[in-house]
Chemist: 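Below is a structure I'd like to ask you about.
Here is how names work: the chains are called A, B, and so on, in the same order as the sequence lines, proteins then strands, and each is numbered from 1. For the numbers below, each heavy atom of this structure counts, side chains included, while hydrogens, waters and symmetry mates do not.
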4 protein chains.
Amino acid sequence: MAKSTVDRKLTIAVIGGGKCTPQEAALAETVGRELAKRGVVLVCGGLTGVMEAACRGAAIESGLTVGILPGENPEDSNPYVQIPVATGTGHARNVAVVRSAQAVIAIDGDYGTLTEIGFALKGGIPVVGLHTWSLYRNDEEDMSIVKAEDAVDAVEKALSLAKGQKLE
Amino acid sequence: MAKSTVDRKLTIAVIGGGKCTPQEAALAETVGRELAKRGVVLVCGGLTGVMEAACRGAAIESGLTVGILPGENPEDSNPYVQIPVATGTGHARNVAVVRSAQAVIAIDGDYGTLTEIGFALKGGIPVVGLHTWSLYRNDEEDMSIVKAEDAVDAVEKALSLAKGQKLE
Amino acid sequence: MAKSTVDRKLTIAVIGGGKCTPQEAALAETVGRELAKRGVVLVCGGLTGVMEAACRGAAIESGLTVGILPGENPEDSNPYVQIPVATGTGHARNVAVVRSAQAVIAIDGDYGTLTEIGFALKGGIPVVGLHTWSLYRNDEEDMSIVKAEDAVDAVEKALSLAKGQKLE
Amino acid sequence: MAKSTVDRKLTIAVIGGGKCTPQEAALAETVGRELAKRGVVLVCGGLTGVMEAACRGAAIESGLTVGILPGENPEDSNPYVQIPVATGTGHARNVAVVRSAQAVIAIDGDYGTLTEIGFALKGGIPVVGLHTWSLYRNDEEDMSIVKAEDAVDAVEKALSLAKGQKLE
């Protein structure tokens, strides 16, 4: 790419279940707030649960939110998404969610989140985990998911890991 | 969708060839400028040619530009894209380019642009054409592509046609 | 690719609308029969209308039929599909329908068929047309779609055009 | 779906790394042979490693093999694939590999395989594992992957689990 001549900000994906507990929602909201306070663009799958809570947090701090949707209608995004992208490719959009970011924060999540973690690690995108999946390959722990203590720790770790591949 | 509680702007897709003549580039740049002056978000395929010229025009007027890329690397976008989305789905991302907009402006373009016109019309997204494809079905002209005289006319027609389905 | 060591047959895609007239269905069925009689694998979008009629024709002659579906459920294919592929990527599966073939026969069809014609031509896959779209680029006719007189003519033209890129 | 009027066979996906050890290749080849002996269609990602070994095994027993490729060229498939499907959607084709089957056998595998396991479990497709990933969610083991002892055990478990959702 030619050096970007527009203000292109660091982008972090927040991934997690479309349904979540109030505790997880609070965690996701704080992650969203902390990302926005640092001027980071938040990208997510655009729907409910962890995705919506993270976007709400970012919106509170006037951060920019991108929602990459499975369906064909931008209006299906949660109300805190500023830039809805309607892919029309169903769960295949999980690739886009993580590949559009320089690091990923996974909060809880189900099998869809697991696929996003897999696509991120496959593509060399760092993944920070909060109460999420742990992976064992042939009974040996795969240490690729960097565990975080809390929302601020997750954001700081994601920013630190993303730095190396920051878009200039 | 719950009523959006963030500032979600009207979004117009600009589609056209990855290679284009200087005349087409000038046309695309003016389209980009006119969209940005009206506060519209420009979405495109994120690459070169018509896409880059339109983004450059929008950037001159400090408009927001979204580039929906075929590949897996956000850095492959042209330097005037502010929000790169790396879908990893190749030409299948053409669906996302048009479905993420409330109207489409087609400038010249090759077979890839033809597929985007098809996906837009299939989805009921209005298409305004500048020196682009004309379609005949069973030897009868399909009048769905609204012809425009010049860049300003294209932008005004796209805005007018998009109004009905504007995100509230 | 290493030379195929299994019996890999020439594959032709039949594309067209999910709804069609009895005349178009008869045409599609004959195309399917003629392909199967010649030992060709028929690939299509797996659904109703032209797709189903073509598969029915192939099934009558014991030909092999592949249905590349938009949804996530193989059971959504028409009853004459032997090999259902459930892509889960919606209309983006149109790319797969034509790229999996060595030539394409388009019968009538709506905007979805138009996108398949575009993807085929973009990828250098020959397209033979029966009562389908005609294309004009900047008011000049694009002659890439090879017009056929009837079903047998379409099949023969498709086979002849495909020969050059036949998988050995 | 209307009851299938063609011979539509049970389909099992075999997933695993594009690179594998000779031991894993031998395991995959035996899985392929055992599937083919039972008249099962083998679907896979169409490339090298575990995918190729499984197809080779199936080919030895004259089984039918379907390769769902990431790229746009059917010729990129391994030489034991009879029906290559060129999706053009990159890693997003992982959804199609598992959703086109009634059960999945995972052999070893890297992060790509992990995403396929995730998509299968998300879609309710049973997964049988041979020396592959184990999953812990919030430090609690997710028992969804059914462990198998050897190739024959994997095939028998996959057939048994698939039975309930067999296409009629």
Side-chain angles (χ1 to χ4, degrees), chain A residues 1-11 41 43 46-48 52 55-56 58-60 62-89 92-102 119 122-125 165-168, chain B residues 1-11 41 43 46-48 52 55-56 58-60 62-89 92-102 119 122-125 165-168:
Chain A
M1 174 178 74
K3 193 176 177 315
S4 175
T5 60
V6 289
D7 179 25
R8 194 180 296 170
K9 299 200 176 92
L10 190 72
T11 301
V41 174
V43 63
L47 299 178
T48 53
E52 178 162 348
C55 288
R56 186 170 58 240
I60 290 168
S62 305
L64 188 59
T65 53
V66 179
I68 303 181
L69 297 157
E72 296 183 329
N73 192 343
E75 302 197 35
D76 291 338
S77 57
N78 75 59
Y80 306 101
V81 167
Q82 259 174 291
I83 311 282
V85 172
T87 66
T89 53
R93 72 79 152 82
N94 292 4
V95 179
V97 171
V98 298
R99 294 307 297 244
S100 298
Q102 283 84 55
F119 283 126
K122 176 99 181 163
I125 316 280
Q165 47 176 334
K166 186 179 173 180
L167 295 173
E168 305 280 344
Chain B
M1 177 177 70
K3 192 174 177 317
S4 175
T5 59
V6 289
D7 178 27
R8 194 180 294 170
K9 299 198 174 92
L10 190 73
T11 301
V41 175
V43 64
L47 299 178
T48 53
E52 178 162 348
C55 287
R56 186 171 57 241
I60 289 168
S62 305
L64 188 58
T65 53
V66 179
I68 303 182
L69 297 157
E72 296 182 330
N73 192 342
E75 301 198 34
D76 291 338
S77 57
N78 75 58
Y80 306 101
V81 167
Q82 259 174 290
I83 311 283
V85 173
T87 65
T89 53
R93 72 77 153 87
N94 292 5
V95 179
V97 171
V98 299
R99 295 306 298 244
S100 299
Q102 283 84 54
F119 283 125
K122 175 99 181 162
I125 315 279
Q165 47 178 333
K166 188 179 172 181
L167 295 172
E168 305 283 341

Chemist: Atom CG of A:L64 and atom CG of B:L64: how far apart are they, to the nearest 0.5 Å?
Modeler: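 Answer rounded to 0.5 Å: 6.5 Å.
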
Chemist: Where is the tightest heavy-atom contact between A:Q82 and B:D7, given as atom of each residue plus distance?
Modeler: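 Heavy atoms of A:Q82 and B:D7 come nearest at CG-O, 3.6 Å.
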
Chemist: When heavy-atom pairs shorter than 4.5 Å are enumerated against chain A, which of B:L69, B:V41, B:V81, B:I68 gives the highest number?
Modeler: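 Of the options given, most contacts go to B:V81.
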
Chemist: Would you give the length of the straight line joining atom CD of A:E72 to atom CD1 of B:I125, rounded to the nearest 0.5 angstrom?
Modeler: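 Nearest 0.5 Å value for the CD-CD1 distance: 9.0 Å.
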
Chemist: How far apart are the closest heavy atoms of A:T87 and B:A96, and which atoms are they?
Modeler: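 Heavy atoms of A:T87 and B:A96 come nearest at CA-CB, 3.6 Å.
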
Chemist: Measure across B:E75 and A:R8 and return the closest heavy-atom pair with its distance rounded to 0.1 Å.
Modeler: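 Nearest pair, atom of B:E75 first, then A:R8: CA-NH1, 4.5 Å.
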
Chemist: Measuring heavy-atom distances to chain B, does A:V66 have an atom under 4.5 Å in its side chain, in its backbone, in both, or in neither?
Modeler: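 Interface part for A:V66: side chain.
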
Chemist: Can you name the nearest heavy-atom pair linking A:S100 to B:P84, along with the distance?
Modeler: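 Looks like CB-O, 4.0 Å.
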
